[in-house]
Amino acid sequence: MTEGKTETLQYRFDGPEHLPVLILGPSLGTTWHMWDRQVPELSQHWRVFRYDLPGHGGAPAHPAGSVAELTTRLLATLDGLGVQRFGYAGCAFGGAVGIELALRHPERLASLALIAASPRFGTADEFRQRGVIVRTNGLDPIARSSPERWFTGGYAAAQPAITEWAVQMVRTTDPGCYISACEALAAFDVRGELGRVGVPTLVLVGSDDQVTGPAEARTLVAGIPDARLAVVPGASHLVPVEQPSAVTDLLVRHFTSAWQAAHDASSTGQVPVPVPAHPTAHPVPAVPVPGPAAAPLQPVPAPPQTAPIAEIAPAPVVPPQAQGRPDPYDAGLKVRREVLGDGHVDQELARADDFSGDFQELLTRYAWGEIWDRPGLDRRSRSCVTLTALVAGGHLEELAPHLRAALRNGLTPAEIKEVLLQAAVYCGVPAASGAFRVAQQVIREETTPPE
């Protein structure tokens with residue numbers, strides 16, 4: 001039996017080889033060029049390492065199904081270059097990678113900056129819905145709406161070249177890799193683990209960020225033992241692009257000096273940020289054209305670390321696994337939420353009372369924990385079987401949630417149509433007729449891009 005080789009990431013270095021390494025992680029739908037305005041200053045102090053997500057910026061389209069898998073690929077890339085210890089700053093998805101590094105690989109991390117990040121990004125339903133839209137319509141609807149999610153209205157209007165650059169970054173992303181990244185964020189939830197982040201952490205957010213705003217940033221600061229908050233006025237989600245000088249200054253300050261304890265114990269630790277008098281006066285960067293990976297540099301030994309190094313907390317002791325067969329309820333609830341969506345499951349569980357509660361528990365434990373969680377069929381196949389069975393039994397009242405689940409599980413509307421046509425032959429035309437009416441409505445609702 002052979003062990004498969006771990007995929008590596010497309011990357012580039014800037015700055016002298018003898019300096020400590022600082023990694024900059026990108027947001028979903030962007031490329032390493034989102035950090036272009038930070039690199040000239042940061043590379044005077046660090047050897048700056050930037051990477052692209054799979055299928056972004058011309059990188060090979062090898063989807064990563066989870067934040068943990070992407071983190072493993074990043075570490076494999078760094079191992080091949082001889083980089084063992086580093087500082088890390090990540091924006092949004094890149095911030096999730098930073099948290100994953102701090103939780104699972106603390107020995108590699110000297111200091112951390114989380115920008116426009118969150119311990120849980122929205123809801124799982126929102127990201128799976130985005131995946132359905134991309135699978136059905138391609139990336140164009142997401143690309144056209146990106147500027148309003150990433151920038152304040154005034155900035156987008158004043159900087160049309162950057163706005164178009166943002167749209168093109170998303171348009172040139174591989175759709176399959178984008179969908180996989182959405183699935184990774186849908187499954188990412190470390191709200192209960194933040195207390196184990198053991199490195200000095202800067203949490204940085206734009207004051208007008210409507211995606212992962214100040215509320216999410218304060219959740220990070222409240223949960224991470226050694227964290228400070230910086231709110232940048234006049235910036236939205238891609239704050240490194242919209243307010244480059246403020247972000248650069250904050251990163252330099254954070255990675256060159258340890259945070260001092262606040263004199264006032266009641267202080268929030270918030271850092272005031274000066275805003276340039278004319279934030280739109282920065283020169284507009286040329287629109288980068290995605291291309292092949294930068295030529296790999298020769299491996300260098302891990303440099304002496306000058307960034308602040310926190311004492312790493314010992315790993316928690318994991319108790320031995322309980323003897324006997326594990327209860328499938330928790331696994332079933334997880335699968336049920338992933339397939340049907342949090343909204344539907346929450347609604348069903350909220351309806352349960354003393355009379356129906358046992359039935360809901362039976363569904364979760366056996367239908368979802370025992371059957372849907374079996375490895376023998378993938379979820380696409382299980383959705384095909386489920387849709388056919390519901391049509392055959394005439395259970396149209398249960399069809400809509402499973403149609404939505406089928407879309408989340410990767411079936412396209414065209415494939416669902418084929419399943420229903422097959423069911424018409426073997427289950428009867430009247431049953432399939434009703435199923436087509438339900439499916440037509442569900443597909444219209446689920447695949448129509450938001451206005």
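Using a 4.5 Å cut-off on side-chain heavy atoms (C-beta onward), Leu229 and Arg218 make contact. When side chains are defined from C-beta on, Thr163 does not count as touching Tyr155, because their heavy atoms never get closer than 4.5 Å. In this structure, the side chains of Arg408 and Val339 stay at 4.5 Å or more apart for every pair of heavy atoms.
Counted by atom type alone, Arg73 and Tyr51 present zero donor-acceptor pairs between their side chains at under 3.5 Å. For the residue pair His254/Ser111, the side-chain donor-acceptor check at 3.5 Å is satisfied. No hydrogens or angles considered: a donor-acceptor pair under 3.5 Å links the side chains of Arg444 and Gln441. A donor and an acceptor atom, one from each side chain of Arg336 and Gln360, are located under 3.5 Å apart. Side-chain contact annotation: Arg149 with Ser145, donor-acceptor N/O pair under 3.5 Å present. Counting only N and O atoms by type, the side chains of Ser236 and Asp209 include no donor and acceptor under 3.5 Å apart.
In this structure, the side chain of Asp125 engages the main chain of Asp342 through a donor-acceptor pair within 3.5 Å. Here the side chain of Thr219 pairs a donor or acceptor atom with the backbone of Ala215 at under 3.5 angstrom. Of the possible polar contacts, one joining the Gln38 side chain to the Pro240 backbone as a donor-acceptor pair under 3.5 Å is found. Side-chain atoms of Glu216 never come within 3.5 Å of backbone atoms of Ala116 as a donor-acceptor pair (strictly under, hydrogens ignored). Under a 3.5 Å cut-off, the side chain of His56 and the backbone N or O of Pro54 do form a donor-acceptor pair. Between the side chain of Thr448 and the main chain of Glu445, no donor-acceptor pair closer than 3.5 Å is present. The main-chain N or O of Glu418 is never found under 3.5 Å from a side-chain atom of Gln422 such that the two would form a donor-acceptor pair.
Here the closest non-hydrogen pair linking Ala405 and Leu340 is CB-CD2, 4.0 Å. Minimum interatomic distance between Asn409 and Ser383 (heavy atoms only, all atoms of both residues): ND2-OG, 2.9 Å.
Atom CG of Leu396 and atom CZ of Arg437 lie 8.0 Å apart (nearest 0.5 Å). From Thr412, atom OG1 reaches atom CZ of Arg135 across 8.5 Å, with rounding to the nearest 0.5 Å. Taking CH2 of Trp372 as the start and CZ of Arg382 as the end, the distance is 7.5 Å to the nearest 0.5 Å.
With Ile99 as the fixed residue, the side-chain contact (heavy atoms from CB on, under 4.5 Å) test singles out one of Val67, Leu220, Ile224, Thr201: Leu220.
Ring to ring, Phe49 and Phe86 are not that close: their centroids are 6.0 angstrom or more apart.
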* Mind running side chain to side chain donor-acceptor pair (under 3.5 Å) on Gln168 and Glu164 for me, showing each step along the way? => CA-CA 6 Å; Gln168 291 305 320; Glu164 180 59 23; 2.7 Å; yes
